[in-house]
> 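I'd like to ask some things about the structure below.
Source: prediction; values computed, not measured. Note that the numbering runs from 1 along the sequence shown for the chain.
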Amino acid sequence: MSTEKKTDFAADAEAAVQLEAEAQTGPDITAYTHIFEKPFEFQGRTVTELTFNWGALTGEDHEVIEGDMLRHGQTLTIPAFTGPYLAGMAVRACVNRDDNGIRIVDADFLRALPLRDYHKIYFSARRFLLRSGS
């Protein structure tokens, strides 16, 4: 008897259609400010909020994110449903910088986030893409 978990692709597809429909009826959110319930500490820096400007992303950002995925052996299928793509969007859309103008958010920063915070940011990127018809 197999203990492997079986994937219900029909249910996944139905959930994707429902998410897209919900995104289309909501407001067009091109920016998102994430406020942490508890300050987040990472590599000696304490962060209380992050702002993401999804609307500032360009075709060049898409190409850089996709190129990075390919270098890591990942394939882009549908951006709104590809985790590494959404994470790449978050890195590139975050407007927070250090005193030298360098991004404070990178892939390691995102992976270190508490799951609840990570998902809120991730789903904000997804809603933006679904709203734009991507």
> Check whether any side-chain heavy atom of Phe128 lies under 4.5 Å from a side-chain heavy atom of Thr30, and answer yes or no.
yes
> Which residue in the set Ile104, Val105, Val47, Asp108 passes side-chain contact (heavy atoms from CB on, under 4.5 Å) when paired with Phe42?
Asp108
> Are Leu130 and Ile78 linked, directly or through intermediate hydrophobic residues, by side-chain heavy-atom contacts shorter than 4.5 Å (ILVMFWY only)?
yes
> What's the separation between atom CD in Glu63 and atom OG1 in Thr58, rounded to the nearest 0.5 Å?
8.5 Å
> For a 4.5 angstrom cut-off between non-hydrogen side-chain atoms, does Gln74 reach Tyr85?
no
> Any side-chain heavy-atom pair from Leu86 and Met89 closer than 4.5 angstrom?
yes
> About how many Å separate CG of Leu50 and OG1 of Thr33, when rounded to the nearest 0.5 Å?
9.0 Å
> Could I get the full list of ring-ring contact (aromatic ring centres under 6.0 Å, His included) partners for Phe36, not counting sequence neighbours?
His34, Phe40
> Between CD1 of Ile121 and OH of Tyr118, what distance do you get to the nearest 0.5 Å?
9.5 Å
> May I ask you to test the Thr51-Asn96 pair for a side-chain heavy-atom distance under 4.5 Å?
yes
> Does a side-chain heavy-atom distance below 4.5 Å link Glu66 with Thr82?
no
> Can you list everything that forms a side-chain hydrogen bond (donor to acceptor under 3.5 Å, both in side chains) with Arg71? Sequence neighbours excluded, please.
none
> Do Arg45 and Asp98 make a side-chain contact, defined as non-hydrogen atoms from C-beta onward lying under 4.5 Å apart?
yes
> Could you note down all residue pairs passing salt bridge (charged side-chain N to carboxylate O under 4.0 Å, His left out) where residues 83-96 supplies at least one of them, sequence neighbours left out?
Asp61-Arg92
> Distance check, rounded to the nearest 0.5 Å: Lys120 atom NZ versus Tyr32 atom OH?
6.0 Å
